[in-house]
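One structure below.
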There are 2 protein chains.
Amino acid sequence: MDDMADTISEALPRDFEALRALILDRRESLPKRIAQVAAYALDNPDEIAFGTAASIATSAGVQPSTLIRFAQHLGYDGFTSLQQVFRERLRERTTSYEERLTVVRGDADEGTSNRRIVDGFLAAASKSLDVMSRNLDDETLDRAIDILHGAETIYILARRRSYPVASYIAYALGKLGVRSQLIESASGLSPEIISFASSRDAVIAISFSPYASATVEEARVLSANNVPVIAITDSAFSPLAQFAKVWFEVAEADFGGFRSLAATMALAMGLTVGVAELRRGRKGKKSASSKG
Amino acid sequence: MDDMADTISEALPRDFEALRALILDRRESLPKRIAQVAAYALDNPDEIAFGTAASIATSAGVQPSTLIRFAQHLGYDGFTSLQQVFRERLRERTTSYEERLTVVRGDADEGTSNRRIVDGFLAAASKSLDVMSRNLDDETLDRAIDILHGAETIYILARRRSYPVASYIAYALGKLGVRSQLIESASGLSPEIISFASSRDAVIAISFSPYASATVEEARVLSANNVPVIAITDSAFSPLAQFAKVWFEVAEADFGGFRSLAATMALAMGLTVGVAELRRGRKGKKSASSKG
DNA sequence: AATAAAATGAACTGTATGTTCCATTTTCGC
DNA sequence: GCGAAAATGGAACATACAGTTCATTTTATT
């Protein structure tokens with residue numbers, strides 16, 4: 001049955017993704033120490049890429065020889081060949097914008113000055129996404145979506161710089177069939193509209209320093225009327241953070257005095273689609289069911 | 001005068017950026033072969049990070065010993081210490097989103113399903129920025145900004161999904177002291193407002209498939225009245241591309257049917273600030289002067 | 001043009017590294 | 001519970017590597 005060293009024609013992985021899949025696939029059947037190395041490898045791919053067999057073995061808590069055995073178990077002829085895959089991964093990783101902007105061979109003038117401006121905004125956006133990806137708390141997100149899920153109408157509060165996000169949320173919610181009401185600064189009807197909101201509704205309030213007074217005031221009123229407030233803001237000292245039931249701290253990078261909206265947008269879309277998803281599959285009401 | 005090996009107290013670079021600056025700084029004064037290595041190093045940092053002294057020397061077309069001399073010229077005590085800097089660079093490079101989404105230890109369940117949705121939007125945004133960074137043409141950008149620079153009033157045309165971008169442009173232009181007029185779908189006044197536009201003005205029209213008929217129609221009318229149109233759209237087949245004086249092709253990645261706006265936003269900000277910059281320093285009218 | 005100084009090429013060397021080997025322990029089948 | 005097979009630890013081994021050295025060439029100085 002077992003055709004060990006014979007017909008290993010299953011082309012052994014040359015790229016990291018395939019290797020990772022292979023390891024996860026065989027995880028169950030690996031010997032204890034080998035599995036220990038496998039786990040370490042997937043958790044510390046950079047270490048494998050850069051370290052020496054001895055140093056890796058030490059920090060993984062095994063003997064160097066186990067590393068070779070691990071590689072051979074997977075079909076590689078030694079640790080070195082396996083290490084190549086981990087190095088390739090770093091090679092192929094796309095360059096970050098910050099780097100692309102500075103790591104140009106010539107002293108400075110790469111592209112026109114206009115290009116440099118756009119690059120600056122691209123870099124700011126990229127950085128913001130990065131920070132968001134690291135800092136976003138799963139539980140906060142779940143609580144926010146849970147609250148929005150139960151709301152009859154979702155009110156959206158934002159002015160000035162935050163307004164584009166609000167308008168996008170309103171548009172997306174509309175497309176997804178979720179009832180929402182955008183509070184615009186233009187219309188003087190804000191007080192009337194707000195007075196309709198009840199505890200069965202919910203509010204998404206978006207505001208960054210310097211906080212638009214209208215947004216803050218309206219959020220305060222709504223909160224006082226027991227309408228749950230989800231706030232997207234930039235610090236714990238934000239007035240919105242005080243009376244929000246759930247609040248997100250979003251740190252947007254800026255360029256030339258204009259802060260990015262990329263991370264806020266992504267979060268907004270996540271909230272929107274998250275709510276819609278939950279409403280669609282009403283059966284699994286609270287617990288977020290894992291779909292495909 | 002020259003205090004060579006004596007007082008090298010100028011802390012030698014431990015991070016790549018500083019090293020790069022150091023190399024560029026001394027570029028002129030380096031011996032031929034050393035300079036050859038320096039150029040190769042900045043062009044192929046990944047090779048330096050992973051290769052052996054011998055392999056690098058071969059592909060750089062020098063002797064291995066030259067690599068050591070290069071390192072020592074910069075103040076490092078050997079090739080290995082220099083190589084550490086190149087390796088650190090790869091280590092610190094933030095993981096891309098696509099990777100972060102797939103390279104998770106467990107089979108699938110990293111974070112909640114809501115988290116996965118937000119991650120999806122973050123990844124889409126990141127990808128969009130990446131594509132934009134690669135495809136944006138400097139000349140197109142310069143021409144667009146040049147046209148907008150000469151405009152008395154900038155009209156902004158966008159509906160539905162593109163509307164948030166338009167509202168952000170309007171906000172930013174306002175803050176920067178550039179006269180602009182946002183054409184909203186809500187107000188039935190569009191035709192009247194549009195009729196005021198002349199060839200001394202300009203239009204930014206934003207529309208993606210399926211193109212909002214109002215945007216297309218209004219852009220057509222304006223173009224017919226000799227108002228120059230800058231279009232931001234998604235393909236050469238877009239109706240906007242036909243009568244636009246300058247048009248940008250923006251490929252936004254999507255997640256769950258909702259396309260990102262990150263790249264469009266960055267471009268929009270670039271246009272906005274680019275125009276404002278140009279207007280501020282009116283002296284250097286056409287050629288983009290290098291400031292600071 | 002002659003001399004000194006710097007730079008370069010190429011072989012050599014000590015060391016650090018991956019790998020192999022074998023004794024010991026653990027796991028599994030009967 | 002016994003025996004076989006697999007897995008593991010640890011030391012010995014071979015080699016591939018960075019770094020050194022020295023002869024040669026190139027560049028600068030007088």
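Chain letters run A, B, ... following the sequence lines, proteins first, then strands; residues in each count from 1.
With salt bridges taken as basic N to acidic carboxylate O contacts below 4.0 Å, one links A/Arg89 and A/Asp46.
OP1 or OP2 of C/dT20 lies within a sub-4.0 Å distance of a side-chain N or O belonging to A/Gln72. Between B/Thr80 and D/dG19 there is a side-chain N or O to OP1 or OP2 distance below 4.0 Å. A close approach under 4.0 Å does not occur between any side-chain nitrogen or oxygen of B/Thr66 and OP1 or OP2 of C/dA7. Between B/Arg33 and C/dG9 there is a side-chain N or O to OP1 or OP2 distance below 4.0 Å.
Between the CD atom of B/Gln63 and the P atom of D/dT25 there is a distance of 14 Å, rounded to whole Å. Atom pair B/Ile68:CD1 and C/dA7:P shows a separation of 16 Å (rounding to whole Å applied). We find that NE2 of A/His73 is positioned 11 Å from P of D/dA6, with the value rounded to whole Å.
Checked by atom type and distance alone, the side chain of B/Glu252 never pairs as donor or acceptor with a backbone atom of B/Asp234 at under 3.5 Å.
Checked by distance alone, B/Arg69 brings no side-chain donor or acceptor within 3.5 Å of a matching partner on the base of D/dG19. Residue side chain B/Ser65 reaches the base of C/dA10 through a donor-acceptor N/O pair under 3.5 Å, judged by distance alone.
Contact annotation for B/Ile34: backbone-only contact, meaning every heavy-atom pair under 4.0 Å involves sugar-phosphate atoms and none involves a base.
Legend: residues meeting salt bridge (charged side-chain N to carboxylate O under 4.0 Å, His left out) with B/Glu139, ordered by chain and number and at least two apart, are absent.
Between the side chains of A/Arg33 and A/Gln36, at least one donor N or O lies within less than 3.5 Å of an accepting N or O.
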